[in-house]
Amino acid sequence: MIQLQGRRFGILLLAFLLYFTAALYCIYMSRQPGSIAAIWYANAIMVMFLQVFAYRDWYIFLILAALGNICANLVMQDPISMSLAFIPGNLLEIGLVAYCLRRFIPLRQCIEDPLALLKMFGLVLVPVAASTSISAFILSLYGLMPYAQGALVLFTGSVVGAISIIPVGLLLVNYGWDDFIQINQSFSFLMCILLALLIALFGFLYLPDPYIYISATLLLVVFIGRFPGTALAVLVYSVIISTLIAMGFFQSSIQGQYMHSDVYLYLPLVMTLIQPLLLAAALQRIQNLKLW
């Protein structure tokens, strides 16, 4: 924290740029012809910044998040009222999730304890559900979408974003950028990631039941890269798969059969990403005990 305070302006600028970029990407993806859910990575990014700053500084990051939200909507030529509809829920989600992680979860332990990691993900669901409900209510007042549909879409998008971003954030919070790069620079791991990405692209474009192949390649990453490698692979996979779904390259047989069934495409994605993270945390613990 002391090191970060010495680079305060740079960290604040980085937080704004990352939030703005993530928000812009997610808004753009939500407007593609095949888009089915508003995947939202931006809030989870800001949550992890708050973990390394004192409570008295949190309001600055919340202001930056609001500005990033507004700027992203302006770039997409949305009216200011569109941003104002999302800002209260987004800020509430960032603040509540960040507080829950700081107050109740030992973040370093999550990297090598699957039960702690699972508890963290479970705890995140509560503030996400509360904040997305508020956002859905505001959207229903604007007449943009029904409350039930909005709550389901926003909740799903925030959950996918949290699962994708927080594991990498845990590593950066606990070890820093230099150590994170050093951990993930081995040749075997980079080749493993490249293979996994090729299988992900090929599977979603040409193969039936693509999540099976995603799970298999993520297990390979688990045994080679342990938790650091798996966290990075999960983030990359999430972005690629969400992009392919939004662009309409993947369709499911359940689409159109049930109310809001399009959103359920992301449920197997959530399960596909969580399982390798839990296994990686267990293997990381075994490795650390042997080294100790």
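All figures in this text were calculated on a predicted structure; none of them were measured in a lab.
Residue pairs meeting the ring pair (Phe, Tyr, Trp, His ring centres under 6.0 Å) criterion with at least one member in residues 55-84, sequence neighbours excluded: F53-F61, Y55-W58.
Side-chain contact check for Q51 versus L101: some heavy-atom pair is nearer than 4.5 Å. When side chains are defined from C-beta on, L172 does not count as touching M48, because their heavy atoms never get closer than 4.5 Å. Between F155 and S133, every side-chain heavy-atom pair lies at or beyond the 4.5 Å cut-off. Residues N69 and F86 are in side-chain contact: their nearest non-hydrogen atoms beyond the backbone lie under 4.5 Å apart.
Of the possible polar contacts, none joining the S238 side chain to the V234 backbone as a donor-acceptor pair under 3.5 Å is found. Without hydrogens or angle criteria, R102 side chain to L50 main chain gives a donor-acceptor distance under 3.5 Å. For Q284 (side chain) and F227 (main-chain N/O), a donor-acceptor pair under 3.5 Å exists by modelled atom type. Distance alone, capped at 3.5 Å, is enough to place a donor-acceptor pair between the S140 side chain and the F137 backbone. For S131 (side chain) and V128 (main-chain N/O), a donor-acceptor pair under 3.5 Å exists by modelled atom type. Distance alone, capped at 3.5 Å, places no donor-acceptor pair between the Q275 side chain and the S215 backbone.
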Run the side-chain contact (heavy atoms from CB on, under 4.5 Å) test on T272 and I241 for me, step by step, so that the C-alpha distance in whole Å, both residues' side-chain angles and the decisive distance to 0.1 Å come before the verdict.
CA-CA 11 Å; T272 299; I241 294 172; over 6 Å; no
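Distance check: L117 CG to I163 CD1 gives 9.5 Å after rounding to the nearest 0.5 Å. Rounding to the nearest 0.5 angstrom, the gap separating the CG atom in L218 from the CD1 atom in I274 is 12.5 Å. Annotation: the span from I11 atom CD1 to D57 atom CG amounts to 12.0 Å, rounded to 0.5 Å. A distance of 11.5 Å separates CD1 of I87 from CG of L62, quoted to the nearest 0.5 Å. Note: E93 CD to L91 CG = 10.0 Å, rounded to the nearest 0.5 Å. The line from CZ of R226 to OG1 of T230 is 9.0 Å long, rounded to the nearest 0.5 Å.
Within a 6.0 Å sphere centred on OH of Y142, other residues, nucleotides and ligands contribute more than 12 heavy atoms.
Tracing side-chain contacts under 4.5 Å through hydrophobic residues (I, L, V, M, F, W, Y), one reaches L14 starting from V168; they form part of the same cluster. Put simply, V221 and I212 are part of two different groups of oily side chains (I, L, V, M, F, W, Y) that touch within less than 4.5 Å, one to the next. M271 and I245 are members of different hydrophobic clusters when ILVMFWY side chains are connected at heavy-atom separations under 4.5 Å. Linking ILVMFWY residues whenever their side-chain heavy atoms come closer than 4.5 Å, directly or via other members, places V75 and W40 in the same cluster. Taken together through direct or relayed side-chain contacts under 4.5 Å among Ile, Leu, Val, Met, Phe, Trp and Tyr, L13 and I60 form part of one hydrophobic cluster.
Heavy atoms only, all atoms of each residue included: S83 and N73 are closest at OG-OD1, 2.6 Å. Counting all heavy atoms, side chain and backbone alike, A44 lies closest to G161 at CB-O, 3.8 Å. Here the shortest heavy-atom pairing between I94 and V47 reads O-CG2, 3.7 Å. Nearest heavy-atom pair across S135 and N90 is OG-N, 4.3 Å. Nearest heavy-atom pair across R285 and E112 is CB-O, 2.9 Å. Shown here for S242 and Y41, the closest heavy-atom pair between the two residues is OG-OH, 3.3 Å.
Checking S164 against Y237 by side-chain atom types alone, no donor-acceptor pair falls below 3.5 Å.
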Could you list the donor-acceptor pairs under 3.5 angstrom formed between side-chain atoms of residues 18-28 and any protein atom two or more places apart in sequence or on another chain?
unit_1 : atom_1 : unit_2 : atom_2 : d
Y19    : OH     : N43    : OD1    : 2.9
T21    : OG1    : L17    : O      : 2.7
Y25    : OH     : V239   : O      : 3.3
Y25    : OH     : T243   : OG1    : 2.5

Tell me which donor-acceptor pairs under 3.5 Å the side chains of residues 104-111 have, and how far apart each pair is, sequence neighbours excluded?
unit_1 : atom_1 : unit_2 : atom_2 : d
R108   : NH2    : N174   : O      : 3.2
Q109   : NE2    : D113   : OD2    : 2.9

